[in-house]
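One structure below.
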Amino acid sequence: MLQVAFIRQNVDLVKRRLAVRNFAEIGLIDSIINLDDFRKKLQAENDQILSEVNSTSKEIGQLMAKGEKDKANDMKKKVADLKLSLQPISDKLDETEKQLMDIIVRIPNVPSEKVPPGKTPADNIVVREGGNKPNLPAGAVPHWDLAAKYNLINFELGNKITGSGFPLYVNKGSKLQRALIQYFLDYNTAAGYTEYLPPFMVNEQSAFGTGQLPDKEGQMYFVNEDKLYLIPTAEVPVTNIYRDEIVKELPVKMTAYTPCFRREAGSYGKDVRGLNRVHQFDKVEIVQLTHPAKSYDALEEMVLHVEKLLNNLNLQYRILKLCGGDMGFTSALTYDFEVYSAAQQKWLEVSSVSNFESFQTNRMKIRFRDENGKPQLAHSLNGSSLALPRIVACLLENNQTENAINIPEVLHKYFGSSQIKS
RNA sequence: GGUGAGGUGGAUGAGUGGCUGAAAUCAGCAGUUUGCUAAACUGCCGUACGGGUUAAACUGUACCGAGGGUUCGAAUCCCUCCCUCACCGCCA
């Protein structure tokens, strides 16, 4: 969430930039400032009365010690009156703070000045393309057919066991998952990211910290009995490792493999065929906490990091800079990576790399000490490196031959062979 | 799940109603001493929201797991919840 102090100092900028993401702020920014003014006024009154209560109580203590009971009793009456007058003010203060919070929590992040305007994915800007266009043999088929042909993924059984969108990987299909996860983690740790294997469920506070709550309430699976959310991404548990910390040394670089659970409420149709959109999938994530002055350098570094991974896998890809309208709630700048699915003839998103600036860290109170020793909010960033299902879809489709699927060289040592045959 | 003991600042740990935002020690920071390192000594060493200031200084309030309550006054007493540890039960 945005810092009130930042909003106050940059009213016009905040309004202008929120417009870039087509957020209709409808006077909310002005309300924030008005409420904050009111809050300050109330707090001043509240503190003033409390101060009197405290000092009077102290006097009572001294009077009692001296045995001056009558005087003390008079003072008690005074305190009672003070408290009576305090009640409405303190109630109003609580209420105002709550109102203020309710609004702030629903304001999305302010886009960076680098974010292009636009409303739909069509307005995203292709930053660059890379990799080689695959040469498919005649009769090439989409991955769901390949998955069946080589017995790699059984969607029907996943459906039977759980429901649609919960694929069951089998044999080499399962091993390919394992190989990819292992490779991605090794690649990330080699680049200095510390590996974690976090819990796959988080509490409400963690889900709030990274911005899933209240914005994405209905998109997460919720275990009512224990009030826990199944994570939609490793970003949630991993970033929350540093919640309420004043970090000693920046940057912090973390990576984790986790399954990800997403209800994907409201998305049906051809987009959900095969591995294109599922409720449970595997992903390896990278997360960084940085000094505010260095977060955009870190973002570019992460983009290059993910790009190299796609190059290593020999996939045709493109990098998009998301327009204001297509960005997530918490992001200040996002690059999406898409790989080309040759058999489906479409681009599939496999990674999203974002700088959240202090939007998440303000919620989580992740700080560092500046030159003056004052706590300041760090910046947080994350990106997928990578989400597996669509990578698998493209690997299968793009590397299919008439009677085998070739495995990219970097995976050979993890996969144990160079081909999948029937 | 049951019983018992606990949750205090970066760490250890004192504190059972006012003199405690919190002793002491360690770690950390600054300095003095010192061939170097080490040691010794001195000072500093919580966060948030306000007021104040160019910035400080200074100052008000809150915070001792979370939330309520009792009281003129709560880290300290009471209630609820959460968590940790030990033992028992159950179980991968």
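Residue numbering restarts at 1 for every chain, and letters A, B, ... go by the order of the sequence lines. Every value quoted in this text rests on a predicted model; they were computed, and no experiment measured them.
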Applying a 4.0 Å non-hydrogen cut-off, can you work out what A:Lys41 is touching in the nucleic acid: base, sugar-phosphate, or nothing?
nothing
When rounded to whole Å, the NZ to P distance for the pair A:Lys66 and B:rG18 reads 18 Å
A:Pro198 versus A:Ala256, closest heavy-atom pair with distance
CD-CB, 3.8 Å
Is any side-chain N or O of A:Arg39 closer than 4.0 Å to OP1 or OP2 of B:rG50?
yes
Under-4.0 Å side-chain N/O to phosphate OP1/OP2 contact, A:Arg367 with B:rA48
yes
How close or far is atom C1' of B:rC49 from atom CZ of A:Arg8, stated in whole angstroms?
13 Å
Assuming nearest nucleotide by heavy-atom distance, tell me which of A:Gln376 and A:Glu59 is located more 5' along RNA chain B.
A:Glu59
Distance, rounded to the nearest Å, where A:Leu63 contributes CG and B:rC19 contributes P
15 Å
How does protein contact run along nucleotides 60-81 of chain B, one letter per nucleotide 5' to 3', with B for base contact, S for sugar-phosphate only, - for none, heavy atoms under 4.0 Å?
BSS---------BS--------
To the nearest Å, give me how far apart CD (A:Glu97) and C1' (B:rG50) are.
11 Å
Between atom CD1 in A:Ile366 and atom P in B:rA48, what is the gap in whole Å?
15 Å
Phosphate OP1/OP2 of B:rU47 contacted by A:Arg369 side-chain N/O (<4.0 Å):
yes
